[in-house]
Amino acid sequence: MIIVITAIVALAAYALYFFNTPQFGRAPSGHRLERIMKSPNFKDGVFQNREPIVNHLEDGILVSFYKFIFEKRDDLRPKKSIPHVKTDLKTLEKNRDLVVWLGHSSFLLQLSGHRFLVDPHLSGHVAPVSFLMTAFDGSNPYSVDDLPDDIDTILLSHDHWDHLDYTTTVALKDRVKHVVTGLGNGEYYEMWGYSEAKIHELDYGEEYILSDDIKITFTPARHFSGRFLKQNPTEPGSFVITSKYRKFFYSGDSGYGEHYKKIGEKYGPFDFAVMEDGQYDMQWHNVHMLPEEVIKASEEIGAKAILPVHNSKFVMANHTWKAPLEELIKKGERFNGEIVTPLIGEIVYLDSLPQTDMWWRDIN
């Protein structure tokens, strides 16, 4: 009995220590919390979606989580390595408008001579421990050392583990000039060593002017936030970036909703959009779009071309690993714009878009 009690106490002590490690972050406080409480989107101690989110976990959260971790089909991961291009990112011409997909939802964006790093996640796993939810072979070819030294701005859509990566974020601390994100997320960056002067937190509809040529607007998303037990302590969102010559949109993670039509009416049309496409399921339909909804949302914002992300790196849903891309191409046959599907690391120049490359078709 003494041995059992000792083991329980030791396990509890380790759990207390583990969940207080820096990677979990901390709750917003002080002036940051004061500002959050003034937001019209913050109510009853959490951020509220403008449209309700209803998840339908058939077996309850614990059984669903168990099935997700231990009862996976063998077609959820590719049997071969994901192909990629190892572009020398340090030698990119900064005056060219371009996008380089770095895997999952991470990408490097250049507009009007300004260099953005969006939702940077360059780790090989997407959980607090390295052995859970590991990246597909070939899908994580870049490290922080491969990135250009002059990154002007990090854009963070929300604080989930597959978008806000502790290791990547800490490694970038002295290499970026600005961080632009939703309300509350600045607490992570400040805790992890970023100077407060670099951090710019926005509520929906608010703007940050980077230069005469670049304006960033934080816009809604239908999603949730939080890195552990508390849900929605920070504000998830999407981004509109207006440069001298182009309008760019990034959806972040979001279920389909009326916000897309409103964004299109107010800020569109867009020359290029990076849209979430992957990790969807009818059980959590309100927080991730189905492929046909990606097309509908892209039409509503007036996107001339889209790049689908949030796929081909991690198993986070029960669809086959390549279903998001296959289904998007199928559903997109009526889409008036272009669907751009580059390899990870391939340069997409925004003034000369490549043909759609079905790189996933020959991979089981």
Side-chain angles (χ1 to χ4, degrees), residues 12-39 41-42 45-48 102 104-106 116-130 132-133 143-145 147 149 151-204 206 208 210 216 218 221 223-239 250 252-253:
Y14 177 76
L16 183 63
Y17 160 77
F18 179 70
F19 292 124
N20 280 282
T21 52
Q23 61 180 332
F24 285 90
R26 66 189 180 201
S29 61
H31 68 88
R32 185 167 285 115
L33 181 58
E34 289 177 13
R35 187 174 173 213
I36 285 172
M37 294 178 71
K38 294 176 183 176
S39 169
N41 305 309
F42 191 78
V46 295
F47 281 97
Q48 306 286 337
L102 302 176
H104 198 58
S105 291
S106 303
F116 298 89
L117 188 59
V118 184
D119 284 356
H121 186 294
L122 302 179
S123 293
H125 60 92
V126 67
V129 288
S130 61
L132 284 180
M133 300 175 76
S143 70
V144 170
D145 289 339
L147 297 174
D149 296 322
I151 298 166
D152 296 291
T153 302
I154 287 177
L155 297 181
L156 177 75
S157 64
H158 65 298
D159 64 3
H160 282 161
W161 294 85
D162 56 323
H163 294 256
L164 177 61
D165 178 57
Y166 172 72
T167 303
T168 304
T169 303
V170 170
L172 288 167
K173 176 172 64 73
D174 299 320
R175 299 177 60 178
V176 298
K177 298 174 186 174
H178 306 278
V179 175
V180 180
T181 186
L183 294 180
N185 290 310
E187 196 75 34
Y188 297 106
Y189 288 93
E190 196 171 337
M191 179 184 180
W192 296 344
Y194 284 64
S195 68
E196 192 172 357
K198 287 185 177 181
I199 304 166
H200 313 286
E201 294 170 273
L202 305 178
D203 202 350
Y204 294 156
E206 292 183 345
Y208 184 72
L210 279 172
I216 300 171
F218 192 60
H223 201 56
F224 63 108
S225 66
R227 288 172 78 80
F228 189 42
L229 294 178
K230 186 174 182 181
Q231 192 163 295
N232 296 329
T234 58
E235 189 168 47
S238 54
F239 290 98
Y250 171 47
D253 279 7

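Keep in mind the model is a prediction, meaning the values are calculated, not measured.
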Practice prompt. Decide whether a cation-pi geometry holds between R227 and Y166; the criteria are a distance under 6.0 Å from NZ or CZ to the six-membered ring centre and an angle within 45° of the ring axis.
Written response: no

Worksheet entry | Polar side-chain atom of K230 near backbone of V46 as donor-acceptor pair, under 3.5 Å | no

Item to complete: Flag the pair Y189 / I154 as yes when at least one side-chain heavy-atom distance between them is below 4.5 Å, and no otherwise.
Response: yes

Worksheet entry | Residue pair F239, V180: steps toward the side-chain contact (heavy atoms from CB on, under 4.5 Å) verdict | CA-CA 10 Å; F239 290 98; V180 180; 4.1 Å; yes

Practice prompt. Drop me the distance from H163's NE2 to T168's OG1, to the nearest 0.5 angstrom.
Written response: 13.0 Å

Worksheet item: Do the non-hydrogen side-chain atoms of H121 and H104 ever get within less than 4.5 Å of each other?
Response: no

Item to complete: Return the minimal non-hydrogen interatomic distance between L122 and S143, and the atom names on each side.
Response: CD1-C, 3.7 Å

Worksheet item: Step by step, would you call R32 with E187 a side-chain contact (heavy atoms from CB on, under 4.5 Å)?
Response: CA-CA 8 Å; R32 185 167 285 115; E187 196 75 34; 2.9 Å; yes

Worksheet entry | Residues Y188 and D159: side-chain donor-acceptor under 3.5 angstrom | yes

Worksheet item: Does a donor on one side chain and an acceptor on the other come within less than 3.5 Å for S105 and D119?
Response: no

Response to the item:
Between T234 and P28, the two heavy atoms sitting closest are CG2-CG, 4.5 Å

Worksheet item: Can you tell me if D253 and H160 form a side-chain donor-acceptor pair at under 3.5 Å?
Response: no

Practice prompt. Walk me through it: do V176 and Y194 pass the test side-chain contact (heavy atoms from CB on, under 4.5 Å)?
Written response: CA-CA 10 Å; V176 298; Y194 284 64; 3.7 Å; yes

Practice prompt. Working to the nearest 0.5 Å, report the span between NZ of K177 and OG of S195.
Written response: 13.5 Å

Worksheet item: Mind checking whether H178 and H200 have parallel, tilted or perpendicular rings, split at 30° and 60°?
Response: tilted

Fill in: L164 side, atom CG; T181 side, atom OG1 - distance, nearest 0.5 Å
8.0 Å

Fill in: Inter-residue atom distance Y250.OH - L155.CG, 0.5 Å rounding
9.5 Å

Discussion item. Restricting to non-hydrogen atoms, name the atom on P22 and the atom on W192 that form the minimum distance, rounded to 0.1 Å.
Written reply: O-NE1, 2.8 Å

Worksheet item: Can you tell me how far the CG atom of L156 sits from the CG atom of N185, to the nearest 0.5 Å?
Response: 5.0 Å

Item to complete: May I ask you to decide whether R35 forms a salt bridge with E201, counting only side-chain N to carboxylate O separations under 4.0 Å?
Response: no

Practice prompt. Would you give the length of the straight line joining atom CD of E235 to atom OG of S157, rounded to the nearest 0.5 angstrom?
Written response: 12.0 Å

Worksheet item: Which atom names give the shortest non-hydrogen contact between I36 and P233, and what distance separates them?
Response: CD1-O, 4.5 Å

Worksheet item: With a 4.5 Å limit on heavy-atom distance, are the side chains of F228 and W161 in contact?
Response: no

Worksheet entry | Side chain D152, main chain F116, donor-acceptor under 3.5 Å | no

Worksheet entry | S123 versus T167, closest heavy-atom pair with distance | OG-CB, 3.9 Å

Worksheet item: Is a side-chain N or O of S225 found less than 3.5 angstrom from the main chain of H158, in a donor-acceptor match?
Response: no

